[in-house]
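Before any comments, here is the structure.
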Amino acid sequence: MSSSILAGLDLHRALETGKIFVPGTWDSSQIRSSGYDIRVARDLMVLPGEDGRVGRVFREGEFHNAEVLLQPGQSAFFSSEEKLQLGWDLTGTIGAKFALSAKGLLLLTGMIVDPGYGLRRSTSGEWFSPGADRLRFIVANVGPATIVFRPGVDSLAAVQFTKIPTVPEQMRREVRSIGFDSLADSLLSEDRQNDAGLAFFRSVRDLRVNVEDIDARVTKAVSTVEDYDKRLDRIESATNTVVLFGVYLIAVTILGIVVGNFPSWMKAALEGDSVIGKISVIASGAVYAVAAIGGLIAVVVAVIKSRRR
Ligand SMILES: Nc1ccn([C@H]2C[C@H](O)[C@@H](COP(=O)(O)OP(=O)(O)OP(=O)(O)O)O2)c(=O)n1
């Protein structure tokens with residue numbers, strides 16, 4: 001007999017006869033034309049804590065119905081709402097859902113659901129379903145925005161079931177997931193020492209928090225330096241004004257002395273006999289007056305300019 005993917009009526013029939021999930025744990029709205037969308041369970045999950053680290057643990061039967069927010073960089077452990085009891089003639093293939101991948105959800109999962117997953121062998125050798133086994137996933141938000149999950153409602157992964165030749169009696173084994181057992185030890189135990197498969201994403205998140213902290217400090221330092229720069233500018237401008245004012249005062253004082261005494265120097269030179277003396281007094285008086293007035297104008301212009309800065 002060849003293998004074939006369960007689709008349409010065959011898929012419905014397999015679901016309704018309990019060959020895939022434990023009755024009451026699956027929902028017909030999740031059926032696709034050739035597969036089934038697994039939902040996030042309301043229990044058996046580990047959610048990020050307050051500081052973004054693995055924190056809140058919901059064990060089997062501890063229900064959490066509120067929305068789960070997965071911030072960028074955060075990761076979580078989820079189980080399927082559906083409980084499995086897969087027949088010996090079926091196998092499942094798990095895949096990510098593109099709508100979630102497009103948001104940046106990274107789904108860490110095994111790919112295969114083995115025939116007989118969820119079944120146990122009794123001491124008398126009979127196979128039965130205790131109705132307990134789920135699928136388990138580690139997810140990480142590696143996207144830019146918060147991803148929201150409604151436990152018991154939202155889809156998490158897709159599964160395609162394939163009809164295969166029935167596993168012969170002598171080859172049947174209870175299917176255990178060593179991966180989950182080791183996760184259960186580290187994530188669900190009271191004494192949680194690490195974040196199991198989630199550590200990488202926590203480290204990335206911690207790194208981002210550190211970088212944001214450094215960024216904030218650099219921005220603050222730059223603004224402080226700019227502040228000091230402005231203050232230095234103001235001090236420099238005030239100092240220049242004081243110096244210019246000093247120069248102005250000296251210039252005005254000398255000008256005052258010269259203007260006050262010039263008539264008497266002029267009179268003495270004109271009454272004297274020396275022609276050179278007369279010319280030099282008149283020339284030096286004129287040069288001094290031009291230089292002093294020019295200097296005064298230059299100082300006033302410089303003061304006005306420095307005040308405008
Ligand atoms: N996301 C998944 C994928 C698989 N399984 C279940 C169904 C599989 O039949 C069983 C074993 O699958 P894997 O081989 O992928 O898991 P492990 O590597 O943990 O198991 P093992 O080491 O036994 O191969 O685990 C699960 O619970 N959750």
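We count ligands from 1, going down the list as the structure has it; atoms in each ligand are counted the same way. Bear in mind the structure is a predicted one, so any value in this text is a computation, not a measurement.
- Counting the atoms of ligand 1 from 1 in the order shown, those under 4.0 Å from a heavy atom of Asp114 are 8 (C), 9 (O), 10 (C), 11 (C).
- For atom 16 (O) of ligand 1, the closest non-hydrogen atom on the protein side is Ser177 OG, 3.8 Å.
- Closer than 4.0 Å to atom 18 (O) of ligand 1 lies none of the heavy atoms of the protein.
- Within ligand 1, counting atoms from 1 as listed, the ones closer than 4.0 Å to a heavy atom of Arg176 are 20 (O), 23 (O).
- The two residues Val148 and Asp154 make their nearest non-hydrogen contact at O-OD2, 3.9 Å.
- Residue Arg121 places its CZ atom among more than 12 non-hydrogen atoms of other residues, nucleotides or ligands, all under 6.0 Å distant.
- Salt bridge annotation for Asp10-Arg13: present, with a cationic side-chain nitrogen under 4.0 angstrom from a carboxylate oxygen.
- Under a 4.0 Å criterion applied to the non-hydrogen atoms of Arg134, ligand 1 contributes the atoms 27 (O).
- Within a 6.0 Å sphere centred on OH of Tyr228, heavy atoms belonging to other residues, nucleotides or ligands number 12 at most.
- Shortest contact from atom 21 (P) of ligand 1 to any protein heavy atom: Ile178 N, 4.1 Å.
- Among Ile112, Thr91, Ile94, the residue whose heavy atom sits closest to atom 8 (C) of ligand 1 is Ile112.
- Taking atom 28 (N) of ligand 1 as the reference point, the nearest protein heavy-atom neighbour is Arg136 N, 3.0 Å.
- Between Arg173 and Asp114 there is no salt bridge, since none of the side-chain N atoms of the basic residue sits less than 4.0 Å from a carboxylate O of the acidic one.
- Note that atom 23 (O) of ligand 1 has protein non-hydrogen atoms nearby, at separations under 4.0 angstrom.
- With a heavy-atom cut-off of 4.0 Å, Val175 touches ligand 1 through its side chain alone.
- The residues Arg134 and Glu60 are annotated as salt-bridged, a charged nitrogen and a carboxylate oxygen being separated by less than 4.0 angstrom.
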Under the criterion side-chain contact (heavy atoms from CB on, under 4.5 Å), I'd like the reasoning laid out for Ile20 against Val159: C-alpha separation, chi angles, the key distance, then a yes or no. CA-CA 11 Å; Ile20 297 178; Val159 187; over 6 Å; no
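- Among Gly118, Gly110, Gly116, the residue whose heavy atom lies nearest to atom 15 (O) of ligand 1 is Gly110.
- The contact set between ligand 1 and Thr109, taken as ligand atoms under 4.0 Å from a residue heavy atom, comprises 1 (N), 2 (C).
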